[in-house]
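Everything on this sheet refers to the single structure shown next.
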Amino acid sequence: MPFSGFWPRHCFLCGAARDVRDALCAGCRGDLPAPGPGACPRCGEWRSPPAPCRCCAELGPAFDETVAAYAYRYPVDVLVRRLKYGGALQLAPALAAGLARAVAGREMPDLLVAMPLSSRRLRRRGYNQALEIARRLAVLCQRPLVATLERTRDTTAQAGLTAARRRDNLAGAFRCRRSVAGLRVALVDDVMTSGATLDAAARVLKAAGASRVCAWVAARTAAPEY
Ligand SMILES: [Zn+2]
Ligand SMILES: [Zn+2]
């Protein structure tokens with residue numbers, strides 16, 4: 001059970017009081033698991049050596065590139081879940097900092113867009129964890145964060161659905177509020193599992209004119225299903 005983080009100057013994971021930055025001590029920050037030894041550059045499926053996966057060689061998702069800061073396993077899974085469901089907003093900066101390091105040296109997008117929640121879910125949760133990460137990341141990358149995507153409805157749980165059912169489930173779930181014609185967009189989310197939600201959102205951004213969409217995620221599951 002991770003330390004509750006009652007004292008903000010103590011490490012959220014181990015409770016240590018030394019070298020705490022972004023709610024984690026230097027030791028715990030250094031121990032966060034890197035994403036696998038290699039990945040498909042487009043969808044992020046783990047492969048070693050890194051090479052386009054068969055799916056992307058044939059068709060692939062609507063986004064052009066995936067960058068993940070961490071592997072979605074302990075303790076990153078704990079951090080993501082506590083940020084997402086437990087109101088631990090103090091964990092967003094550590095995930096954003098990891099993502100900023102992961103994208104450093106890459107071609108920077110024109111703008112960042114956070115994966116939106118439906119207004120119903122946003123009301124219930126009170127915040128959007130992807131936006132909390134994106135807000136800090138925008139500062140670190142010195143790129144504007146633009147609220148251009150809207151989630152028009154909740155989608156039922158994706159787990160257990162076939163790829164075709166996932167696409168049906170997500171059809172019409174996003175809307176773009178303004179043109180992003182000719183712009184390179186980084187779509188920021190907390191975690192990528194199947195990639196289907198990011199694919200649906202990227203598809204809408206592309207339809208609104210985006211020249212390039214990159215999926216920037218704090219964590220990637222070990223066994224993507226895309
Ligand atoms: Zn620690
Ligand atoms: Zn791929």
Side-chain angles (χ1 to χ4, degrees), residues 1-83 86 88-98 101-103 106-107 158 162-164 166-167 170 186-187 189 191-203 205-206 212-226:
M1 194 60 198
F3 185 71
S4 70
F6 179 75
W7 296 104
R9 282 156 59 199
H10 288 219
C11 175
F12 183 86
L13 288 168
C14 74
R18 282 171 60 87
D19 297 325
V20 175
R21 196 175 69 220
D22 294 341
L24 298 177
C25 73
C28 287
R29 280 199 309 274
D31 282 349
L32 297 181
C40 167
R42 184 150 177 206
C43 72
E45 181 177 298
W46 292 12
R47 324 166 50 80
S48 185
C53 71
R54 207 180 60 188
C55 174
C56 287
E58 283 169 11
L59 180 62
F63 46 84
D64 302 282
E65 187 187 43
T66 296
V67 182
Y70 300 113
Y72 188 69
R73 59 168 188 264
Y74 186 82
V76 168
D77 56 346
V78 172
L79 301 181
V80 168
R81 280 201 299 268
R82 290 294 299 272
L83 168 64
L89 300 183
Q90 73 271 32
L91 299 177
L95 296 173
R101 277 193 298 277
V103 301
R106 290 172 185 265
E107 179 188 336
Q158 297 280 102
T162 64
R166 278 200 187 106
R167 273 194 296 276
L170 286 160
L187 184 55
D189 207 356
V191 58
M192 178 192 269
T193 33
S194 75
T197 312
L198 282 151
D199 175 48
R203 205 166 290 281
L205 288 166
K206 283 279 177 80
R212 182 174 169 82
V213 178
C214 295
W216 284 5
V217 296
R220 180 75 164 105
T221 54
E225 303 154 49
Y226 190 86

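Counting starts at 1 for both ligands and their atoms, following the listed order. In this chain, numbering begins with 1 at the start of the sequence shown.
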Fill in: With sequence neighbours excluded, residues passing salt bridge (Lys or Arg N to Asp or Glu O under 4.0 Å) with R212
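Here the qualifying residues are E65.
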
Worksheet item: What pairs with A186 under side-chain contact (heavy atoms from CB on, under 4.5 Å), at least two apart in sequence or on another chain?
Response: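 Here the qualifying residues are P109, L112, W216.
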
Worksheet entry | Pairing residues for A201 by the side-chain contact (heavy atoms from CB on, under 4.5 Å) criterion, not counting sequence neighbours |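 So A201 forms a side-chain contact (heavy atoms from CB on, under 4.5 Å) with M115, L149, F174, L187.
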
Discussion item. Rounded to the nearest 0.5 Å, what separates atom CG in D199 from atom CZ in F63?
Written reply: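 The CG atom of D199 sits 6.0 Å away from the CZ atom of F63.
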
Fill in: Check: P61 and R42 side chains under 4.5 Å, non-hydrogen atoms
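SC-SC contact between R42 and P61 confirmed.
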
Discussion item. Within the structure provided, determine whether T66 and L198 are in side-chain contact (heavy-atom separation under 4.5 Å).
Written reply: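 T66 vs L198: side chains apart.
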
Item to complete: Indicate yes or no for a side-chain donor-acceptor contact from R220 to the backbone of T193 under 3.5 Å, with no hydrogens or angles considered.
Response: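 Between the backbone of T193 and the side chain of R220 there is a qualifying donor-acceptor contact (under 3.5 Å).
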
Worksheet entry | Protein N/O/S count near the Zn ion (ligand 1) (criterion: distance under 2.8 Å) |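 That number is 4, waters not included.
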
Worksheet item: SG (C56) to the Zn ion (ligand 2) to SG (C43): angle, nearest 10 degrees?
Response: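 The angle at the Zn ion (ligand 2) comes to 110°, rounded to the nearest 10°.
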
Worksheet item: Rounded to 10°, how many degrees is the angle SG/C40-the Zn ion (ligand 2)-SG/C53?
Response: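 The two atoms subtend 120° at the Zn ion (ligand 2).
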
Item to complete: Decide, counting backbone as well as side-chain atoms, whether C55 has an N, O or S atom less than 2.8 Å from the Zn ion (ligand 2).
Response: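 Within the cut-off used here (under 2.8 Å), C55 places no N, O or S atom near the Zn ion (ligand 2).
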
